[in-house]
Amino acid sequence: MNSLRPASSHLDGLAAYDPKFMPAQAYLSANENPNDISISLWKTIVKRMEALPFNRYPDPLANAFREVIAEANELDRSEILIGNGGDELLFNLALAWGGPDRSFLNLPPTFSVYAHNAALTGTRVIDIPRKADFSIDEEAVLSRVGKGDIDFMIITSPNNPTGNLADASFIVELLESSDTLIIVDEAYGEFSSVSMRDHLPDHKNLVLLRTLSKAYCLAGVRIGYIMAHEEVINELIKVRQPYSVDAVSQVIGMTVYEQRASFESLIADIIAERDALYEKLNEIPAVSAYPSAANYILFKVDEADEVWHKLYEQGVLVRNFSSTPGLSDCLRVSVGSNEENNLFIAALTHILEDKESKA
Ligand SMILES: *Cc1c(COP(=O)(O)O)cnc(C)c1O
């Protein structure tokens, strides 16, 4: 026999997540940090790795690393969970709080991974689309959650790909009005310097998600973490793969996290570059950029698909959202190095001038 029984029917029509990577001179499409870690930090990591036995399984929960994160956030180790990137933790949340007969409230346009995880776990997705300026339809969300049948929801703040923050008082109102698990995805929180951390002690149903992939330059290593009530963490521990955070990643992640103060000036530089990029984008008459509290900027331009192709021809890869519902004619540019940002602005200006002269 050379035939194959079909996979589970809930995978029908589901496409794999595609980061749409293509080689480019300026890679401004994945919201990565344009800098790698410093040589001195790298040397510290290598030194620590020399003491690592590769033949032994790692500590499943990375307790030493959990302790460091807990202390930095004035929490207990039992309130921290480390994952193989924030993405693994998002999947664990869907496994633990989703499933058949369970409901997830989504606020599109937002990170596409959430809806994908819901589909994988057979969770019903209820969409409450954002308003035209990408702010959350707060009244609609409060009233929908008030019905009492939403098991979990994710508020991305700053939102990816739109860049705007959610209002803290709205989140508090939501937390107080229901027992729905409210995940605040703060993957880009370090670029906005706001966090819901201070609200954790008052709300068992609040979960914060963070990652070392963006502000802390570790997208290639895969470390994310959750801060939440111990009861939430204990449920997540039941569904997680025991050894998903390997020994090497534990050492790298912990060393970087311990040295996080040394990233502050790098983060400040990215914020300054973002603000300059936003100004420059809005100086181009055909472009309208949305304000951002993250390390990327969403912008609108006519015939975005064509503009995206022309940018790529000039060596600049940005993310094309023009076929995403609610984001027609939108592209997202990640804040790169000063040289990359200048290359991007020059290419975009050139493309749009060229189009204008042909029109
Ligand atoms: C990047 C990102 C994450 C997590 O990324 P990891 O690399 O898996 O840690 C989570 N949420 C959002 C919105 C992101 O953009």
Side-chain angles (χ1 to χ4, degrees), residues 16-21 27-34 36-37 62 65 69 80-95 104 106-118 120 130 134 136 152-166 171 182-192 194-196 207-228 236 240-241 244-246 249-250 252-254 256-257 260 263 267 270 274 290 292-298 318-319 321 324 327 332-335:
Y17 179 80
D18 179 5
K20 306 226 160 52
F21 176 78
Y27 187 46
L28 302 178
S29 82
N31 300 343
E32 296 148 325
N33 197 307
D36 203 342
I37 60 165
F65 189 4
I69 296 174
I80 306 292
L81 185 65
I82 299 172
N84 187 294
D87 284 353
E88 185 198 24
L89 297 165
L90 287 168
F91 186 58
N92 290 341
L93 284 159
L95 280 175
F104 167 63
N106 201 25
L107 308 176
T110 189
F111 196 33
S112 64
V113 166
Y114 311 147
H116 189 80
N117 287 340
L120 285 178
R130 288 163 180 268
F134 303 124
I136 295 168
F152 69 114
M153 69 175 292
I154 303 177
I155 299 173
T156 322
S157 187
N159 187 43
N160 180 9
T162 62
N164 54 314
L165 290 164
I171 299 174
I182 313 280
I183 298 137
V184 181
D185 185 340
E186 297 185 337
Y188 301 95
E190 291 84 359
F191 302 107
S192 75
V194 297
S195 170
M196 291 300 288
V207 174
L208 301 188
L209 180 75
R210 303 251 183 97
T211 178
L212 269 59
S213 295
K214 310 313 188 341
Y216 298 110
C217 313
L218 287 190
V221 176
R222 315 306 304 133
I223 293 287
Y225 63 97
I226 268 177
M227 301 194 280
L236 294 173
R240 72 183 291 273
Q241 294 291 310
S244 64
V245 185
D246 65 85
S249 299
Q250 289 189 24
I252 300 172
M254 186 161 132
V256 164
Y257 193 82
R260 67 195 174 286
F263 288 75
I267 294 169
I270 292 170
R274 173 196 73 204
Y290 294 93
S292 171
N295 66 336
Y296 49 83
I297 296 173
L298 189 78
V318 299
R319 194 68 171 264
F321 284 97
T324 301
L327 296 177
R332 185 195 69 196
V333 60
S334 306
V335 179

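Whatever order the structure lists them in is the order used to number ligands and atoms, beginning at 1.
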- atom 8 (O) of ligand 1 sits nearest the protein heavy atom R222 NH2, 2.6 Å
- Message: Is there a side chain to side chain donor-acceptor pair (under 3.5 Å) between N31 and Y188? Walk through the geometry before answering.
- Response: CA-CA 9 Å; N31 300 343; Y188 301 95; 3.0 Å; yes
- Not counting sequence neighbours, which residues clear side-chain contact (heavy atoms from CB on, under 4.5 Å) with N92? List them please. E88, L89, L95, L236, V239, R240
- Query: Does R130 count as lying over the ring of F134, i.e. NZ or CZ under 6.0 Å from the six-ring centre, within 45 degrees of the axis?
  - Reply: no
- Item | Set of ring-ring contact (aromatic ring centres under 6.0 Å, His included) partners for F65, sequence neighbours left out | none
- Would you give the length of the straight line joining atom OH of Y290 to atom CD1 of I297, rounded to the nearest 0.5 angstrom? 13.0 Å
- Carefully, step by step, assess R332 and Y296 under the rule side chain to side chain donor-acceptor pair (under 3.5 Å). CA-CA 7 Å; R332 185 195 69 196; Y296 49 83; over 6 Å; no
- Message: G86 versus ligand 1: do any nitrogen or oxygen atoms come within less than 3.5 Å of each other?
- Response: yes
- Task: Note the single closest protein heavy atom to atom 10 (C) of ligand 1, along with its residue, its atom name and the distance in Å.
- Result: D185 OD2, 3.4 Å
- Message: List ligand 1 atoms under 4.0 Å from Y114, heavy atoms only on the residue side.
- Response: 13 (C)
- Item | Criterion side-chain contact (heavy atoms from CB on, under 4.5 Å) on F263 and V256, from CA distance to verdict | CA-CA 9 Å; F263 288 75; V256 164; 3.6 Å; yes
- Query: Atoms of ligand 1 less than 4.0 Å from N160 heavy atoms?
  - Reply: 13 (C), 15 (O)
- Going by the atom numbers of ligand 1, which of them fall below 4.0 Å from some non-hydrogen atom of T156? 13 (C)
- Query: Can you check whether M153 reaches L107 side chain to side chain, under 4.5 Å on heavy atoms?
  - Reply: yes
- Note on the structure: Per-atom filter on ligand 1: closer than 4.0 angstrom to a heavy atom of A187 are 2 (C), 3 (C), 10 (C), 11 (N), 12 (C), 14 (C)
- Task: Tell me which protein heavy atom sits closest to atom 4 (C) of ligand 1, plus the residue, atom name and distance to 0.1 Å.
- Result: D87 OD1, 3.7 Å
- Item | Shortest reach to atom 1 (C) of ligand 1 by a heavy atom, considering only E88, E32, E186, K214 | K214
- Message: Tell me whether S213 has any N or O atom under 3.5 angstrom from an N or O of ligand 1.
- Response: yes
- By number and element, which atoms of ligand 1 are closer than 4.0 Å to a non-hydrogen atom of G85? 8 (O), 9 (O)
- Task: Assess G224 for proximity to ligand 1: is some non-hydrogen atom of it under 4.0 Å away?
- Result: no
- List the closest protein heavy-atom neighbour of atom 15 (O) of ligand 1: residue, atom name, distance to the nearest 0.1 Å. Y188 OH, 2.6 Å
- Message: Between L165 and V194, is the side-chain contact (heavy atoms from CB on, under 4.5 Å) condition met? List the steps.
- Response: CA-CA 9 Å; L165 290 164; V194 297; 3.6 Å; yes
